[in-house]
Structures are given as structure tokens and as C-alpha cells.
Amino acid sequence: MELEAILAGLDPEQREVVTNIRGPVCVIAGAGTGKTRVITHRIAYAVAAGVTDPTKTLALTFTARAAGEMRARLRALEVPNAAARTFHSAALKQLMYFWPYSFGGSFPKLLTTKASFLSEAMGRTDTSLAPGAQTLREISGEIEWAKSLQTAPADYVEDALGVGRTLRIPNGRADKDNFAEVAKVYEAYETLKHQERVIDFEDVLLLTVGMLEEDRDVRERIRDQYRYFTVDEYQDVSPLQQRLLNLWLGNRDDICVVGDAAQTIYSFAGATSSFLMGFTQRFPKAAVIRLTRGYRSTPEIIEMANQVLKSGSSHQDHELVSMNERGEKLAIRKFAATHSEVNDVVEQIVALGKTHSDIAILARTNSQLDPFEAALKTKNIETQLKNSERFFDRIEVRDAMRIIRSASVIPGEGGDWVHDLTSVLKPFGSTDYVRAFIALANEMKENGTSNLRAFLRELEDRAEQNNPPTLPGVVLSTLHAAKGLEWEHVFLVGINEGVLPMGPEIEEERRLFYVGLTRAKKTVHLSYAGEPSQFLSGISS
């Protein structure tokens with residue numbers, strides 16, 4: 001692509017980022033300021049200017065969906081060979097490839113869920129922790145946190161107490177006692193994995209770090225492979241991920257990091273914004289560019305989001321400014337009981353009469369979403385739960401992809417390939433996934449995709465990364481799972497004291513509320529039943 005074509009439509013700050021194609025570069029990008037666009041255009045500009053080869057480029061992010069979005073945009077910018085992966089995906093690919101050279105033997109089995117192994121580990125210890133889904137979730141989270149900070153079982157209790165960790169284990173015991181029990185299970189879990197020759201996702205990072213630190217030949221080969229780095233959502237990096245990034249980078253400085261400390265919401269999992277905020281200490285000559293023009297939300301939404309942050313003790317030193325026309329005034333609704341709140345939200349959704357996939361209900365916890373799902377079903381409104389069944393594991397989806405694969409054997413340019421797609425999918429009826437496939441195809445056609453084979457490649461790429469297309473129905477999601485997504489209309493429900501904020505980390509909970517607000521493009525509907533959250537006091541609606 002021509003350099004000027006890549007710069008077309010960018011605002012002055014975005015253009016400054018895109019044209020700063022030599023690192024180090026630190027971009028402070030507020031919510032909805034176009035950071036994904038900036039990241040991909042910067043890579044395309046660097047390739048077009050001859051600064052880097054696309055095969056030497058590695059763009060890193062934290063979710064498969066975000067990585068898939070980057071790859072799609074890079075393809076549209078005629079840079080299909082640039083790698084865009086999650087930290088775990090990039091590490092896993094390297095670990096699997098070099099395993100025979102560095103470790104020998106076959107690659108161990110990858111554990112995708114810890115539940116069964118944790119249950120077995122609990123059975124092997126004399127722990128007083130009662131088995132149950134909640135207990136297993138808490139232990140799993142603690143192990144993931146510990147391993148992201150490279151904390152061994154023997155050091156877990158001291159480290160957990162040192163940072164004031166809290167546990168939600170329903171046994172009435174003090175956390176300091178439960179920490180010792182968790183440490184026992186953690187140690188038994190690691191022993192069991194070793195005996196069964198199984199590794200988990202945290203091990204993927206740890207083993208890759210160990211491999212790169214110990215094997216100079218492998219380290220040099222990987223550093224030769226990737227020379228140009230971009231890290232998205234840099235405020236979410238953990239100490240372990242930063243250690244791996246340091247090994248990939250070596251003593252070079254061709255790195256661009258993009259993040260927003262105001263959206264740090266995963267500290268409980270080991271993430272820290274300290275690497276983002278301290279970037280210029282490591283790279284004193286780094287260019288620091290701030291993106292504050294908000295293109296997603298209305299001025300009303302952004303003004304409230306700014307108010308929420310300013311009322312905290314560590315708000316951002318720059319405010320977002322909406323570039324959109326003014327919209328609806330935000331309303332805060334109070335209810336005497338949760339069922340009244342649920343009924344009101346559902347009636348508002350019915351009244352909207354919009355495409356339901358443009359609507360989301362966001363809550364602090366999964367359990368809060370259940371009554372909303374049930375109430376929407378009584379109105380025959382489809383819903384989509386985030387983090388539910390893996391879309392590409394559905395039998396009917398796999399069958400549909402086989403049909404598309406057969407239809408795309410004969411390549412062709414031009415013509416109405418979306419019509420051909422619609423025809424081959426007719427036997428499946430008007431199901432949610434068929435409508436999602438057609439919507440994705442129309443979007444890709446508008447962006448220049450010229451044949452069915454290219455569409456199939458996109459589907460296969462999404463299947464590999466577990467990045468499904470947008471499905472029909474109102475989205476039901478926790479605030480954490482909503483990070484990085486956006487909708488026309490957002491209902492933030494259950495904003496009660498004791499629920500949001502939940503736990504002692506008030507400022508992190510404030511940032512979580514901020515993230516929820518800034519998911520909305522046109523309207524935000526705020527509601528609570530009972531005592532209002534402290535985050536609602538002092539903000540104008």
C-alpha cells in the first residue's frame with residue numbers, strides 16, 4: 001500500500017504514532033481512541049517504508065479475539081504475513097517447535113482446564129477445604145496468579161499475605177488459614193501434572209522463558225525471527241509475560257507498547273500497569289504519544305466516565321474528549337428489588353426495537369446475569385452469554401465449514417461470492433451461526449474480500465484462535481469479559497454497594513466501572529436495587 005493511503009483518515013496524534021516507525025514508542029490510548037487501527041496502520045506503514053519485513057514482525061495482545069481483529073485489519077492493509085498473537089499462542093508455537101531440540105521427546109499434553117486435576121490434587125492432600133465449584137475456581141485463580149508472578153508453592157502463603165490477597169472460599173475460615181490450604185493443593189497439583197506429563201497454560205510461558213534463558217541457540221534463532229515488536233493492552237502485562245518479552249526483545253529497542261492505566265482491571269491475575277508507566281525509565285529516549293480523542297462514545301458517556309475516574313485517588317492525567325455529536329442524557333434508575341430492575345431493563349430492550357446484537361447487559365458477576373437471561377427468553381429475545389460454549393466446537397458449525405470448504409475448491413475472483421455462500425448454507429436454515437457467517441461475509445466483502453476461499457481462510461483462522469463471529473442476540477457479560485468490546489446500547493446493572501465495588505481494591509473496581517461505561521457507543525443505562533454504589537455518588541446523570 002502507498003504510504004499516504006495508510007495515513008488517510010488518521011487524526012494528528014494517530015498519524016504521529018503511525019509515522020514513528022522506529023522504537024521505542026509508548027502510546028497512552030484512552031478507551032475508544034482507535035488504538036487497534038493505529039497499531040495495524042503503524043505496522044503497515046513500517047512495512048511499506050521498508051523499515052521491517054512483515055515476517056519479522058510480532059504483534060502481541062491478550063485475547064484471541066483481539067489478535068484475530070489485528071490479523072484481519074493487517075490483511076486489509078495488504079500485510080497478511082505479519083504475526084498477531086496472544087502471549088500464550090506465540091509462546092506455545094515456539095515451545096512446540098523447539099521442544100525436541102531443547103527438551104527432547106514428545107511434547108506433553110496441554111491442560112486446557114484445571115478443574116479435574118485440582119479435584120484430584122485436593123483428594124491427595126489432607127486439606128480442610130471443602131470441594132465445590134467455587135473452591136476450585138478460587139484455587140485455580142490463585143495458582144494462575146502465583147505462577148504469573150513466578151511464585152512457587154513454598155512461597156505462596158508469604159507472598160499472598162504480603163499483597164493482601166483475598167479468598168472467596170465458603171468455609172468461614174480466615175484467609176491466612178485458607179492460604180496454607182491452597183498452598184498444599186498447589187503443590188499437589190504441580191506434582192500430579194509432573195507425574196502425568198501434563199502442562200498448563202502458565203507452564204507454557206514458564207517453560208518458554210526457561211528455554212530461552214538456557215538455550216542460546218534457540219534464543220538467537222527466535223530473535224532473528226522477530227525483530228519488530230508491538231504490544232497491545234500493555235497495562236495488562238504480568239511480570240512473567242514481561243520477562244518473556246525481554247527475552248524476545250534482547251538489547252534491541254524496536255518496540256511499540258500501547259496501553260491505558262485507567263483500564264487496568266486484571267491485577268488480581270497478576271497484571272500490573274507498572275511496566276507501562278515505567279516504560280520511559282527503561283527507554284529514556286522513547287517517544288510518548290497520547291490518544292485522547294474518543295471516537296466510540298457520545299460526549300455524555302465520556303463525560304461521566306471522566307467523572308468516575310476523577311473521583312478516585314489515582315485518576316489518569318489526561319481526559320478523553322468525545323469527537324461525536326451529543327446524544328441522550330444518561331439516566332440512573334433505582335429499584336426496590338432486583339426483579340423490578342430485571343423487568344425494567346427487559347422492557348427497555350423491547351422498546352429499543354434495535355438489532356439485539358447491538359445491545360449488552362453488563363454485570364459484576366455471572367450470577368447477576370441469570371435472571372436477565374431468563375426474562376429475555378420469556379420475551380423470545382435471543383441472548384449470547386460470553387465465555388459459554390466454544391462456537392467452533394459445535395457439530396453443525398463444523399459441518400457448515402466442510403460445506404464451505406468444498407464450495408471454495410475452485411478459486412474465482414469477482415462475482416457474488418456472498419450469494420454463493422448463502423446458497424450452500426441454505427440446508428442449515430436460518431440459525432444463529434448461519435446469520436453470523438453471512439454478516440461476516442458481507443462485512444468482509446465491503447472491505448475488499450473477493451472470493452469464498454479468502455472467507456474460508458478467515459473462518460479457519462478464527463477457529464484456530466477461538467474467535468467466533470458476532471452472533472445474534474443480546475449479549476450478557478461480566479464487566480471483565482466485556483473488556484475490548486463495544487455495543488450501541490449498554491445496560492450496566494446491579495451497581496450496588498458491596499457488588500461494585502466488590503472487595504478491598506476500590507480503585508481497581510473503579511477502573512472496572514469505567515471500562516463498563518466506555519463499552520457503549522450511544523446509550524448507557526445504569527441501574528441498581530437497594531443501596532447505590534459509591535461510584536454513583538457525585539456524578540451527574
Side-chain angles (χ1 to χ4, degrees), residues 28-33 35-36 60-66 86-87 137-138 140-142 144-145 148-149 163-166 168 231-242 257-277 294 296-297 301-302 304-316 320 360-366 368-369 386-387 475-487 490 492-495 498-520 524 526 533-535:
I28 308 298
T33 56
K35 67 179 179 62
T36 305
L60 295 157
T61 188
F62 287 83
T63 67
R65 187 205 62 80
T86 64
F87 271 88
R137 279 195 298 269
E138 285 294 298
S140 178
E142 288 304 293
E144 289 165 10
W145 169 80
S148 73
L149 270 64
V163 298
R165 296 286 290 179
T166 58
R168 296 187 180 91
V231 187
D232 185 21
E233 303 285 9
Y234 193 54
Q235 78 279 350
D236 289 333
V237 76
S238 72
L240 177 57
Q241 289 165 333
Q242 182 63 50
V257 300
V258 184
D260 179 12
Q263 296 187 69
T264 304
I265 60 172
Y266 295 107
S267 295
F268 67 90
T272 172
S273 61
S274 62
F275 298 113
L276 173 67
M277 305 310 292
R296 176 187 298 149
S297 307
I301 295 169
I302 285 182
M304 176 175 277
N306 286 337
Q307 276 185 284
V308 167
L309 286 186
K310 282 195 294 185
S311 63
S313 62
S314 57
H315 63 81
Q316 61 187 26
L320 290 179
I361 299 175
L362 308 182
R364 179 61 179 84
T365 66
N366 277 305
Q368 290 174 274
L369 297 169
K386 296 297 294 178
N387 298 331
V475 174
L476 303 174
S477 173
T478 64
L479 289 165
H480 282 102
K483 177 76 167 62
L485 302 175
E486 59 182 35
W487 296 272
V490 168
L492 275 172
V493 301
I495 314 175
V499 177
L500 184 68
M502 179 181 292
E505 300 296 332
I506 300 299
E507 291 310 307
E508 176 127 344
E509 295 285 302
R510 186 187 308 280
R511 294 191 294 269
L512 189 58
F513 184 37
Y514 171 83
V515 165
L517 287 169
T518 54
R519 298 310 93 199
V524 173
L526 307 167
S533 165
Q534 60 186 274
F535 298 151

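All figures in this text were calculated on a predicted structure; none of them were measured in a lab.
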S.K.: Considering non-hydrogen atoms only, spot the tightest contact between F535 and I506 and give its length.
M.R.: CZ-O, 3.7 Å

S.K.: Side chains of Q241 and Y234: is there a donor and an acceptor less than 3.5 Å apart?
M.R.: no

S.K.: Heavy atoms only: give me the nearest E508-S267 pair and the separation to one decimal.
M.R.: OE1-OG, 2.6 Å

S.K.: S297 side chain to A520 main-chain N or O, any donor-acceptor pair under 3.5 Å?
M.R.: yes

S.K.: Considering non-hydrogen atoms only, spot the tightest contact between S533 and L500 and give its length.
M.R.: OG-O, 2.5 Å

S.K.: Between Y266 and H480, how do the two ring planes meet: parallel, tilted or perpendicular, split at 30° and 60°?
M.R.: tilted

S.K.: Applying side chain to side chain donor-acceptor pair (under 3.5 Å), run through E144 and S148 and close with a yes or a no.
M.R.: CA-CA 6 Å; E144 289 165 10; S148 73; over 6 Å; no

S.K.: Please check this pair: side chain of T478 against backbone of A481, looking for a donor-acceptor N/O pair closer than 3.5 Å.
M.R.: yes

S.K.: Starting at CG of L309, measure out to CG of L517 and round the result to the nearest 0.5 Å.
M.R.: 9.0 Å

S.K.: Hey, is CE on M502 packed in by over 12 heavy atoms from elsewhere, all under 6.0 Å?
M.R.: yes

S.K.: Which distance, rounded to the nearest 0.5 Å, do you find between the CD of Q368 and the CD1 of I495?
M.R.: 10.0 Å

S.K.: Is there a side-chain contact between K483 and I265 in this structure, where contact means two heavy atoms from C-beta onward sitting under 4.5 Å apart?
M.R.: yes

S.K.: Using atom types as modelled and distance alone, determine if a side-chain donor or acceptor of D260 lies under 3.5 Å from a backbone N or O of Q235.
M.R.: no

S.K.: Any side-chain heavy-atom pair from L492 and V524 closer than 4.5 angstrom?
M.R.: yes

S.K.: Once rounded to the nearest 0.5 Å, what's the spacing between atom CD of E142 and atom CZ of F268?
M.R.: 10.5 Å

S.K.: Atom OG1 in T264, atom CG in D236: separation rounded to 0.5 Å?
M.R.: 6.0 Å

S.K.: Answer yes or no: is there a side-chain heavy-atom contact under 4.5 Å between S311 and R510?
M.R.: yes

S.K.: Please report the C-alpha distance between E233 and T63 in whole Å, then the side-chain angles of each, then the deciding distance to 0.1 Å, and finally whether the side-chain contact (heavy atoms from CB on, under 4.5 Å) criterion is met.
M.R.: CA-CA 10 Å; E233 303 285 9; T63 67; over 6 Å; no

S.K.: What's the verdict on side-chain contact (heavy atoms from CB on, under 4.5 Å) for I28 and L276, showing C-alpha distance, side-chain angles and the deciding distance?
M.R.: CA-CA 9 Å; I28 308 298; L276 173 67; 4.0 Å; yes

S.K.: Can you check whether V231 reaches V237 side chain to side chain, under 4.5 Å on heavy atoms?
M.R.: no

S.K.: Would you say R65's side chain and G484's backbone share a donor-acceptor pair under 3.5 angstrom?
M.R.: yes

S.K.: Indicate yes or no for a side-chain donor-acceptor contact from R296 to the backbone of W487 under 3.5 Å, with no hydrogens or angles considered.
M.R.: no

S.K.: Determine, step by step, whether L479 and V515 satisfy the side-chain contact (heavy atoms from CB on, under 4.5 Å) criterion, reporting the C-alpha distance in whole Å, the side-chain angles of both residues, the deciding distance to 0.1 Å, and the verdict.
M.R.: CA-CA 7 Å; L479 289 165; V515 165; over 6 Å; no

S.K.: Are side-chain heavy atoms of L512 and R364 found at a separation under 4.5 Å?
M.R.: yes

S.K.: To check you understand the geometry: which heavy-atom pair defines the closest contact between T272 and P239, and what is its length?
M.R.: CG2-CD, 4.4 Å

S.K.: What's the shortest heavy-atom distance between E507 and G312, and which atoms?
M.R.: OE1-CA, 3.6 Å

S.K.: Can you see which heavy atom on L149 is nearest to which on G270, and at what distance?
M.R.: CD1-CA, 3.6 Å

S.K.: Go through the steps for V163 and W145 under the test side-chain contact (heavy atoms from CB on, under 4.5 Å), then give the verdict.
M.R.: CA-CA 12 Å; V163 298; W145 169 80; 3.7 Å; yes

S.K.: What I'd like to find out is whether the side chain of R137 reaches to under 4.5 Å of the side chain of R168, using heavy atoms alone.
M.R.: no

S.K.: Mind checking whether L526 and F513 have side chains closer than 4.5 Å, heavy atoms only?
M.R.: yes

